[in-house]
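Given the structure is predicted, the values throughout are model-derived calculations rather than measurements. Every chain is numbered from 1, with letters handed out A, B, ... down the list of sequences.
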There are 2 protein chains.
Amino acid sequence: MPLKNTGTEQLIKDTAKRILFAEGKLHATTQDIAEAAGVNRAALHYYFRTRDQLVACVFNESMLELSVRLGTVMASVRPFQEKIEELIAVFMKEMRAYPYQEIFLVTEINTAGVELVKDIDNMPVANFLNEIENEMSAGVIEKMNPKHFLMNLFSLLSYPFIMAPLYRQFFNLNHQDFDQLVAERKQLIYRMVFK
Amino acid sequence: MPLKNTGTEQLIKDTAKRILFAEGKLHATTQDIAEAAGVNRAALHYYFRTRDQLVACVFNESMLELSVRLGTVMASVRPFQEKIEELIAVFMKEMRAYPYQEIFLVTEINTAGVELVKDIDNMPVANFLNEIENEMSAGVIEKMNPKHFLMNLFSLLSYPFIMAPLYRQFFNLNHQDFDQLVAERKQLIYRMVFK
DNA sequence: TTTTTGTTAAACAAAAATGTTAAACAAAAA
DNA sequence: TTTTTGTTTAACATTTTTGTTTAACAAAAA
């Protein structure tokens with residue numbers, strides 16, 4: 001609980017997030033993180049006691065952040081199509097910056113055996129599912145289980161970013177060409193969901 | 001290079017794949033793997049020298065297997081629509097059994113810094129991209145960059161399996177209900193790509 | 001100024017994970 | 001049978017990673 005706040009605590013968290021979520025190095029040690037942050041490894045202990053607590057902290061913040069991001073976009077008072085547009089923009093930007101954030105969350109859940117995380121507010125999702133269903137009835141989008149609609153959307157948005165290292169292989173593309181390719185997907189996805 | 005072959009080597013590899021690809025425990029130690037396989041940890045060293053070599057072996061086999069699976073489906077001599085049907089069936093089955101295989105590959109590439117893996121045969125993919133383009137010209141499927149068509153397909157197929165632990169949270173579903181939901185996707189995806 | 005508080009680093013200690021060796025055992029070959 | 005070969009185990013050694021302690025330092029407060 002530092003009061004003077006030289007930003008070191010935040011720096012460590014941000015660095016951890018960069019290494020884990022952006023670089024996708026899920027096996028990063030405390031050394032790796034401290035080094036990348038330009039601080040002594042003991043500083044890490046000073047702020048977080050243990051590696052597990054640092055990881056737990058990053059996990060919780062990330063989980064909350066994801067929840068808030070979802071909630072904000074879904075609960076915003078705007079026409080449906082604008083909302084979807086917003087959702088695509090927000091999540092694509094996030095995936096570009098932190099492609100492995102959700103992967104980190106899932107592998108943490110798998111290793112730590114966190115079965116059901118409480119305190120997750122599902123109301124925004126539940127309400128949004130209803131809104132989707134209404135749009136389907138109105139004929140704006142294809143009729144299906146609205147959960148599928150959401151899963152489709154997030155799949156199309158997220159997966160190519162995560163698989164980039166493999167897709168560059170299989171498509172024989174360099175970084176620049178691949179980045180250009182995925183940049184095209186913003187419009188493509190929008191057109192896909194509104195058939 | 002065992003000649004007697006008691007199946008232990010294969011058992012170790014299979015167990016490693018189960019823990020890494022199926023259970024998604026990407027931090028598994030040699031202890032974890034040996035224990036799960038029911039062998040002494042030294043047996044692991046006997047067959048693979050080091051942990052890194054075991055992981056490298058699993059990585060290479062997995063990479064090859066993925067490449068072969070892709071090639072087989074894509075190069076099969078069948079009508080396009082049947083091919084897609086086959087592709088969906090094959091990859092969904094694989095994702096159900098080993099949801100984290102591609103994630104493992106990607107995170108390994110990220111940590112080991114394997115930039116470009118040589119010896120990957122891209123001809124099947126290249127040919128299939130042409131085939132897709134022809135079908136687009138024929139009006140069977142929506143016109144777009146055929147790479148997007150493939151990325152869309154694999155995204156829709158794969159992502160929900162990987163995100164299962166999170167989606168169960170956000171949708172408030174138990175395992176059984178979620179399994180039923182994703183089972184519906186086989187038909188849904190087929191209908192989606194053929195608009 | 002001295003004191004307090006927050007912060008950092010260096011050195012050390014403990015634990016965890018990995019790697020090595022040598023010996024025992026079983027089955028096939030000589 | 002004895003010998004050889006492949007396999008497995010137990011015990012030990014090393015390395016890596018993590019955690020702890022102490023002291024030093026800087027800035028604000030008294």
(request) Please list, chain by chain and in numerical order, all residues satisfying salt bridge (Lys or Arg N to Asp or Glu O under 4.0 Å) with B:Glu35, sequence neighbours excluded. (result) none
(message) Suppose we screen for salt bridge (Lys or Arg N to Asp or Glu O under 4.0 Å). Which residues come up paired with A:Arg78, at least two apart in sequence or across chains?
(response) A:Glu82, A:Glu86
(request) May I ask you to list the residues of residues 12-19 of chain B, by number, that have any heavy atom positioned under 4.0 Å from an atom of DNA chain C? (result) none
(message) In whole Å, I'd like the distance from the CZ atom of A:Arg51 to the C1' atom of D:dT18.
(response) 10 Å
(request) Would you check if A:Met163 and B:Ile103 make a side-chain contact, meaning some heavy-atom pair closer than 4.5 Å? (result) yes
(request) Could you tell me which residues satisfy ring pair (Phe, Tyr, Trp, His ring centres under 6.0 Å) with A:Phe154, sequence neighbours excluded, listed by chain and number? (result) A:Phe91
(request) Nearest whole angstrom, please: distance from the C1' of C:dA17 to the NZ of B:Lys25. (result) 18 Å
(message) Between P on C:dA17 and NE2 on A:His27, what's the gap in Å once rounded to a whole number?
(response) 14 Å
(message) Tell me every residue that passes side chain to side chain contact (heavy atoms under 4.5 Å, CB included) with B:Glu135, counting only those two or more places apart in sequence or in another chain.
(response) B:Phe80, B:Val140, B:Ile141
(message) Holding to salt bridge (Lys or Arg N to Asp or Glu O under 4.0 Å), I want the full list of residues that pass it with A:Lys17, two or more places apart in sequence or in another chain.
(response) A:Glu61
(request) Return one dot-bracket line describing DNA chain D 5' to 3' (Watson-Crick or G-U wobble pairs, both distances under 3.5 Å; ( ) same strand, [ ] crossing, | another strand, . none). (result) ||||||||||||||||||||||||||||||
(message) For DNA chain D, which residues of residues 29-45 of chain A approach it to below 4.0 angstrom with any heavy atom?
(response) A:Thr29, A:Thr30, A:Gln31, A:Arg41, A:His45
(request) May I ask you to verify if any side-chain N or O of A:Tyr46 is less than 4.0 angstrom from the OP1 or OP2 atom of D:dT20? (result) no
Find every protein N or O atom lying less than 3.5 Å from an N or O atom of nucleotides 22-24 of chain C, and list the pairs.
none

(request) Could you list the residues that satisfy salt bridge (Lys or Arg N to Asp or Glu O under 4.0 Å) with B:Arg96, not counting sequence neighbours? (result) none
(request) Give the other cluster members for A:Val68, using side-chain heavy-atom distances under 4.5 Å between Ile, Leu, Val, Met, Phe, Trp and Tyr residues; answer none if it is isolated. (result) A:Leu64
(message) We want to know whether A:Asn110 and B:Tyr100 form a side-chain donor-acceptor pair, criterion being a heavy-atom distance below 3.5 angstrom.
(response) yes
(message) Nearest whole Å is fine: how far is C:dG6 C1' from A:Glu9 CD?
(response) 12 Å
(message) Using the side chain to side chain contact (heavy atoms under 4.5 Å, CB included) criterion, which residues pair with B:His45? Sequence neighbours excluded.
(response) B:Arg49
